[in-house]
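Report on the structure given below.
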Number of protein chains: 2
Amino acid sequence: MTQTNDPATVQAVRTMFDIVEYVAERDGVTITEVATDLGYAKSTIHRHFSTLHELGYIVETPTGYQVGLRFLEVGHTARVRQRGHRMVKEKVENIAAETGERAQFIVEEHGEGVYIHRAFGERAVRTDPGIGSRIPLHATSAGKAILASMDEKRSAELIEAINFDPITEFTITDSEQLYDELEAIRERGYSFNRQENLNGLHAVGVAVSGPDGEVIGALSVSGPSHRMQGTWFEEELPKLLLGTANELELNIAHS
Amino acid sequence: MTQTNDPATVQAVRTMFDIVEYVAERDGVTITEVATDLGYAKSTIHRHFSTLHELGYIVETPTGYQVGLRFLEVGHTARVRQRGHRMVKEKVENIAAETGERAQFIVEEHGEGVYIHRAFGERAVRTDPGIGSRIPLHATSAGKAILASMDEKRSAELIEAINFDPITEFTITDSEQLYDELEAIRERGYSFNRQENLNGLHAVGVAVSGPDGEVIGALSVSGPSHRMQGTWFEEELPKLLLGTANELELNIAHS
DNA sequence: CATTCCGTTCCGCGATACCGAACAGTATTA
DNA sequence: TAATACTGTTCGGTATCGCGGAACGGAATG
């Protein structure tokens, strides 16, 4: 059914997450619906649902079955374990308030960027890539800042695995181009994203590193391209972010 | 191995969550550590970790294996699916700001209360039961408000399953006492918690219901018992919460 | 009453998850 | 340098158990 039948893995767990992820992206499903859509027998789905229900990872609602909040519980522990999470949260909120735009903090996991914090400023469009959602590293300012700031060996591994299919007409489409850009970012200290991931969206990002030099994540500010331009975009925002990242690094080092 | 071998459930999934929950409450573990502590063979843990790692639900860090942020991703979808989540979030923040104390929004799931939103006021002690963490329904103001406001049949089911072991010396210890209290809450419209869950902590809670009359969750404000007393605690806070809950219900009904 | 959804249960077979033990790195010890 | 003690890894062999399919029951719609 699912392709990669690596013999050294647990099939039942694969199918279970197959089911869970399907349920997660819907709003209330029935057993038969899942069975037919995913190509499992009804009894299989039923057995998995029984298990998941008993453990609290799936709940029954008036509109059907849904993923349970227990996922949030374990997911939250993963989130707060990120280094300096509270300080970072405050800084993100400050940046959003000062700039009026949207600010976020992204960490890398499994070759993708993951939203850990996010805050909206006054003028920010409240379009919603929620906490926990994932973005490509090579097509976002925070992602590129992280790649530029991390250990070269590891960064090369991640770049190796990147899917360079263009997302917009401005997306970086090959690794050479990306390496050049990362080099430039290392020299500057900050990164730009000009509609590389979403049309009409510009952003600037700065990496945050721990005392051992290892990158923790990256701050970024994003907004409509018509506002994100000129010296505000190219000088003032980078300066603000660099300063904030610096403060963060100091605070994290002393904690 | 694990006791409840309900034949209609998937064993491999049980062991998987057994492992995940163990990993979640630690900060970096090794395979052998998990194997010995949980009583599985090393190879079993290894196989599960391989599976989970490949799917992104467990990650390798310098300090060992940890639960991955992918749990946050699916957990977050469960969270934002809660009715009126954005409006509720704003209200919780408003309440925290106005009162200076800690405010939260709790929903019921699987017979427990789950934190969905939480905000700190100026004076609030920032002790941290994070988003997603669970509290007993019968020993918290929000929990009791929910129980009082929900369908009697369902509430009876939940009460049936409650473990009435005392948490503090003020905890409600039997169902009769609880039923009386719920009756009083229904008449008043709001609930109190006087050190029933945590010594030194008082709280007041009000349920929020949807247009169909079904309870969605409950708002509550909590703080040190020395501040939470007198007319402020017994009249002004309830009034504020009732007003907010009312607004919320109207907003949710019209959306 | 008939139809069509839903969830549930049962059973038999083949796949597979499990354990145990041997293997292989890596760091810390003598 | 060698030995120890940790890691994580791999490999079979066996009994388990997860799987599909079909038959059942229950609720809602016609």
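Here the structure is a predicted model, which means the values were calculated and not measured.
The phosphate of dG8(D) has neither OP1 nor OP2 within less than 4.0 Å of any side-chain N or O from His46(B). At least one side-chain nitrogen or oxygen of Thr32(A) sits closer than 4.0 Å to the OP1 or OP2 atom of dG7(C). Residue His48(B) has no polar side-chain atom (N or O) positioned under 4.0 Å from OP1 or OP2 of dA17(C).
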Quiz item: Where each pair must be Watson-Crick or G-U wobble with both distances under 3.5 Å, what dot-bracket representation of DNA chain C is obtained, with crossing pairs in [ ] and other-strand partners as |?
Solution: |||||..|||||||||||||||||||||||

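A straight line from CZ of Arg14(B) to C1' of dT16(D) spans 16 Å, rounded to a whole angstrom. Look at CZ on Phe49(A): it is 17 Å from P on dG18(D), rounded to the nearest Å. For the pair Arg47(A) CZ and dA17(C) P, the interatomic distance rounds to 12 Å; values are reported in whole Å. Ile45(A) places its CD1 atom 16 Å from the P atom of dT9(C), with the value rounded to the nearest Å. Computed from coordinates, the Glu60(B) CD to dT7(D) P distance equals 14 Å when rounded to whole Å. Following rounding to the nearest Å, Met16(B) (CE) and dT16(C) (P) show an atom-to-atom distance of 19 Å. In this structure, Ile19(A) atom CD1 and dG18(D) atom P are separated by 13 Å, rounded to whole Å. A straight line from OH of Tyr40(B) to P of dA17(C) spans 14 Å, rounded to a whole angstrom.
With sequence neighbours excluded, the residues that form a salt bridge (charged side-chain N to carboxylate O under 4.0 Å, His left out) with Glu33(A) are Arg26(A). Taking the side-chain hydrogen bond (donor to acceptor under 3.5 Å, both in side chains) definition, one finds that Arg154(A) meets it with Glu108(A), sequence neighbours left out. Residues that satisfy the salt bridge (charged side-chain N to carboxylate O under 4.0 Å, His left out) test with Glu249(A), not counting sequence neighbours, are absent from this structure.
In the set dT8(C), dG8(D), dA17(C), the nucleotide with an atom closest to the side chain of Ile31(A) is dT8(C).
The closest donor-acceptor contact from the side chain of His138(B) to the backbone of Thr171(B) lies at 3.5 Å or more, if one exists at all. No donor-acceptor distance shorter than 3.5 angstrom exists from the side chain of His85(B) to the backbone of His117(B), with no hydrogens or angles considered. In this structure a side-chain-to-backbone donor-acceptor pair under 3.5 Å is missing from His48(A) to Val10(B).
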Tabulated below should be each protein N or O lying under 3.5 Å from an N or O of nucleotides 21-29 of chain D; please produce it.
unit_1, atom_1, unit_2, atom_2, d
dG21(D), O6, Ser43(A), OG, 3.0

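Within the 4.5 Å cutoff, the side chain of Ile135(B) has heavy atoms near those of the Tyr115(B) side chain.
Take the nearest nucleotide of DNA chain C for Thr30(A) and for Ala12(A): the residue whose nucleotide is more 5' is Thr30(A).
Between Phe17(B) and Tyr57(A), the ring planes lie parallel to each other; the angle is under 30°, not in the 30° to 60° tilted range.
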Please output the side-chain donor-acceptor pairs of residues 209-220 of chain B that fall under 3.5 Å, not counting sequence neighbours, one pair per line with the distance.
unit_1, atom_1, unit_2, atom_2, d
Ser209(B), OG, Ser149(B), OG, 3.4
Asp212(B), OD1, Glu214(B), N, 3.2
Ser220(B), OG, Gln104(B), NE2, 3.0

